[in-house]
K.L.:
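Please find one structure pasted underneath; my questions will follow.
Keep in mind that the numbers below use all heavy atoms, side chains included, and drop hydrogens, waters and symmetry copies.
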There are 2 protein chains.
Amino acid sequence: MPSSDLAAPARDRVTVVTIARRAGVASSTVSRALNGDPRISAATRERIAAIAVELGYMPDALARTLSGGRSGLIGLVLGPVENPFYVAMLEEVVAQAAARGLRPLILHLGAQAIEAETMRALQQYRVDGCLVTSARLSSDIADLCGRRGVPVVMLNRVTRLRASSVSCDNLGGAAEMARFLLGQGHRRFALVGADTASSTALEREQGFSQALAAAGLQPLRLSGGNSSWLGGYAAGERMAALPPAERPDAVFAVSDIMALGVMDALRRHGLRVPEDVSVAGFDDIAESARPTYALTTVSQPLVPMVRRGLDLLLARIQEPDLPDEVTLLRGRLTLRASTRERPPAA
Amino acid sequence: MPSSDLAAPARDRVTVVTIARRAGVASSTVSRALNGDPRISAATRERIAAIAVELGYMPDALARTLSGGRSGLIGLVLGPVENPFYVAMLEEVVAQAAARGLRPLILHLGAQAIEAETMRALQQYRVDGCLVTSARLSSDIADLCGRRGVPVVMLNRVTRLRASSVSCDNLGGAAEMARFLLGQGHRRFALVGADTASSTALEREQGFSQALAAAGLQPLRLSGGNSSWLGGYAAGERMAALPPAERPDAVFAVSDIMALGVMDALRRHGLRVPEDVSVAGFDDIAESARPTYALTTVSQPLVPMVRRGLDLLLARIQEPDLPDEVTLLRGRLTLRASTRERPPAA
DNA sequence: CGGAATCGTGCACACGTATGCGCAAAACTT
DNA sequence: AAGTTTTGCGCATACGTGTGCACGATTCCG
């Protein structure tokens, strides 16, 4: 049936064979020449390179992969993007991956569960490695990757699973924030956590509480749902509803996005930040730097975190049997206008 | 050199050959059986299917692509993610693409220029099609895709280039907003636009201005940089600095993210929204629904837009010679508390 | 000047899947 | 029962690249 014969001649790719014919050599010579094999003479190499440029040759990444190489693809499993921190992380990962010649393939994005489709994609496309930022169901991913020999690095998650991880020193950062607030004269604290207990959130709660306990204090625990603006807002409303005598004079939320919700709720109910209540967060997302928020927070070292994560991943791609490694990077206290010195006594 | 001989036996893939040997048939029979070729008997088909399941066989997408099929990869070129609208669009694209068995490969993300690396990736990985939301330098992408026969669909961008596009009826939506505000009794308007003139922003400005002109009015044009919160904030500050007599009583910003900046600036300078000034936007991002903003806006039909975009793309992947198509979807006015009826006379 | 070492290149095959074609056996027709 | 169609499957090859091995040509050494 020569019905669709006209569809065929449309696009003919430039391959090593095209170049080989043009140069009068074998295709293997072209392959070696372009890959800098020292066995090929300089003259031949340059001649072939010239033809390649002339024809606009681009090696087919898929064929190269099939022939035993790496695909250059890294699978991305991303958490809830309603939290701008994950968006910033995505942006940084994409930029740094591109600089290293890697292409990010999105396997999953969002807070909901990971579908079977994702797992299939992970197996069908020969992903060299995986970067995971979502905790939910990450165990399945890690498990599957482990069985198939695909290295995994967790970003911003510490896990007991077989995988390396890079994370901020959540415990230390939260503790440092607690000590800072204590030093400012605050004595009545609220701690806003998230219901969906991620390792990150738990560590921050713990670090904050422990530092307060060292000063003989205990925070009022408020939780308002998941780690989102709305969750923080709900917690803030609950706090604003307290009788003034019981109301804390400093709030620490385990994520900036929640802290912003807390601030908005407090202000909406007539409380001033920082005059009446100091508010602090963790992450340092872009929104926190807005003059209307000016949130005091613990800045996560995003760029070094991603760099370290890719370092770990690439090392394990080249040497699959390297042992798992857990990296902790210290956060930095960023002081803004949402917190304020309290007079020593009431 | 038998040095790294131990590295080889690590992971042996399950391929059609594995199954063929196990079933005592040729590999071509396996391929046909799994792809539902009617020439294979039901008995053989089932036997092979059973073995495939037992061994956990997954076809290699790369090899399949090489053999003449589609890769199942669609390239994504994304705009500035500081605008949550683009993040929402990304999320929707990922979800809908997965449902159709497509994998999104991130080619570019962010406001800055598209690097050469991106163009290379586009050629090296056999992307079936491209989805573009960024206007900056999208001409290069479209050009390259056109030459290589890769269909392109622009989302939220209308372009004169060779590509199909799906977009909201920006002109009509902005005009409808203008008529609504007029109907509420507003007479002094401000229009907040962006410096970096995207087609989207320009159309919205135009639609708003034209509808006002039809009522014999002209808006005060304010621009405060690019389409970001900070840009809106700057415009809001300029507006708040005006003497009360000259100050508009309604502002329309060409994007929600700018409108939120405007609101924050106005409130920070003591103006009440909507009591003193009504504020309206365009996009309907999640933040606009927060009780603290409650922004009146034009909702973009995100889900249908992405659906239509993928429809167009898939149609052109299967039939490359289809003519370009431009789809316009009507937005819907979403009324919230940031706008308010004005008394008929002063 | 003959043998060995070195250099540059080609042949063949591998990776995993899809498919045109051919061939044997079974089913049907006359 | 012999010929014709249909059925079910295998052989060979293509896709584009990488690489082990071998082979002819050159160079070096004695």
Side-chain angles (χ1 to χ4, degrees), chain A residues 1-5 8 10-48 52 55-72 123-126 128 148, chain B residues 1-5 8 10-48 52 55-72 123-126 128 148:
Chain A
M1 233 176 281
S3 66
S4 62
D5 260 358
R11 193 66 45 186
D12 29 22
R13 313 187 124 256
V14 177
T15 80
V16 278
V17 188
T18 320
I19 301 180
R21 270 202 283 269
R22 183 78 162 260
V25 296
S27 62
S28 55
T29 303
V30 174
S31 173
R32 282 191 246 265
L34 294 177
N35 290 342
D37 191 313
R39 300 184 313 177
I40 304 296
S41 71
T44 310
R45 194 201 324 272
E46 284 170 20
R47 189 161 52 97
I48 290 177
L55 298 182
Y57 169 74
M58 294 256 79
D60 187 318
L62 277 55
R64 175 175 285 174
T65 304
L66 189 60
S67 174
R70 313 253 80 103
S71 68
Q123 300 175 69
Q124 299 200 165
Y125 297 86
R126 295 206 191 159
D128 289 343
R148 302 191 61 97
Chain B
M1 237 176 282
S3 66
S4 61
D5 261 358
R11 193 68 42 189
D12 27 23
R13 315 188 123 254
V14 177
T15 81
V16 278
V17 187
T18 320
I19 301 180
R21 269 202 284 267
R22 182 79 162 260
V25 296
S27 62
S28 55
T29 304
V30 175
S31 173
R32 282 192 247 266
L34 294 178
N35 290 343
D37 191 312
R39 301 184 311 177
I40 304 296
S41 71
T44 312
R45 195 204 317 275
E46 284 169 20
R47 191 161 50 95
I48 289 177
L55 297 182
Y57 169 74
M58 295 256 78
D60 187 317
L62 276 55
R64 176 175 285 174
T65 303
L66 190 60
S67 175
R70 311 253 81 103
S71 68
Q123 301 177 69
Q124 299 200 161
Y125 298 87
R126 293 207 193 159
D128 289 343
R148 302 191 61 97

K.L.:
Between R47(A) and L66(B), who's closer to the 5' end of DNA chain C by nearest nucleotide?
P.N.:
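Result of the comparison: R47(A).
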K.L.:
Is there a donor-acceptor contact under 3.5 Å from the side chain of N35(B) to the main chain of D37(B)?
P.N.:
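Not confirmed, N35(B) side chain does not pair with D37(B) backbone.
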K.L.:
On DNA chain D, check which nucleotide each of R45(B) and M58(A) is closest to and give me the residue with the more 5' one.
P.N.:
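Counting from the 5' end, the first nearest nucleotide belongs to R45(B).
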K.L.:
Heavy-atom contacts under 4.0 Å between residues 24-37 of chain B and DNA chain C, which residues?
P.N.:
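Those residues are S28(B), S31(B), R32(B), N35(B).
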K.L.:
Under a 4.5 Å cut-off applied to non-hydrogen side-chain atoms, are T44(B) and R47(B) in contact?
P.N.:
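When only atoms from C-beta onward are counted, R47(B) and T44(B) do touch, with a gap below 4.5 Å.
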K.L.:
State, to 0.1 Å, how close S71(A) and D128(A) come at their nearest heavy-atom pair, and which atoms those are.
P.N.:
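What the structure gives for the nearest pair is N-OD1, 3.0 Å.
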K.L.:
Calculate the interatomic distance between R64(B) atom CZ and dG16(D) atom P; express it in whole Å.
P.N.:
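So the CZ-P distance, R64(B) to dG16(D), works out to 18 Å.
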K.L.:
Are more than 12 heavy atoms, taken from residues, nucleotides or ligands other than R45(A), located less than 6.0 Å from that residue's CZ atom?
P.N.:
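Yes, CZ of R45(A) has more than 12 neighbouring heavy atoms, counting only those of other groups under 6.0 Å.
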K.L.:
Hey, are the side chains of Y57(A) and L34(A) touching, using non-hydrogen atoms and a 4.5 Å cut-off?
P.N.:
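Yes, at least one pair of side-chain atoms sits under 4.5 Å.
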K.L.:
Atom CD1 of I40(A) to atom P of dA25(D): distance rounded to whole Å?
P.N.:
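In whole Å, dA25(D) P and I40(A) CD1 are 17 Å from each other.
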K.L.:
Between CZ of R70(B) and CZ of R126(B), what distance do you get to the nearest 0.5 Å?
P.N.:
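That separation rounds to 9.5 Å.
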K.L.:
T44(B) near the nucleic acid: base, sugar-phosphate alone, or nothing, with a heavy-atom cut-off under 4.0 Å?
P.N.:
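Answer is sugar-phosphate: T44(B) comes under 4.0 Å of backbone atoms only.
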K.L.:
Give the rounded distance in Å between these two atoms: CZ of R21(A) and P of dG16(D).
P.N.:
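One finds 11 Å between P of dG16(D) and CZ of R21(A), rounded.
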K.L.:
Is T18(A) reaching over with its side chain to a backbone N or O of T15(A), donor-acceptor style, under 3.5 angstrom?
P.N.:
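Between the backbone of T15(A) and the side chain of T18(A) there is a qualifying donor-acceptor contact (under 3.5 Å).
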K.L.:
Using a 4.0 Å heavy-atom cut-off across all strands, classify R126(A) as base, sugar-phosphate, or nothing.
P.N.:
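Sugar-phosphate: the residue R126(A), judged by heavy atoms under 4.0 Å, touches backbone atoms but no base.
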K.L.:
Is it the case that the side chain of T65(B) and the backbone of A61(B) share a donor-acceptor pair, with hydrogens and angles ignored and the cut-off at 3.5 Å?
P.N.:
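Looks like yes, one N/O pair under 3.5 Å.
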K.L.:
Quick one: is R39(B) getting a side-chain N or O under 4.0 Å of the dG8(D) phosphate, OP1 or OP2?
P.N.:
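No, outside the criterion.
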K.L.:
Which atoms form the tightest heavy-atom contact between V25(B) and I48(B), and what is the distance?
P.N.:
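Shortest heavy-atom separation between V25(B) and I48(B) comes out as CG2-CD1, 4.1 Å.
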K.L.:
With a strict under 4.0 Å distance from non-hydrogen atoms of chain B, what nucleotide opens and what nucleotide closes the contacted stretch of DNA chain C, reading 5' to 3'?
P.N.:
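On DNA chain C, the outermost contacted nucleotides are dG16(C) to dC21(C).
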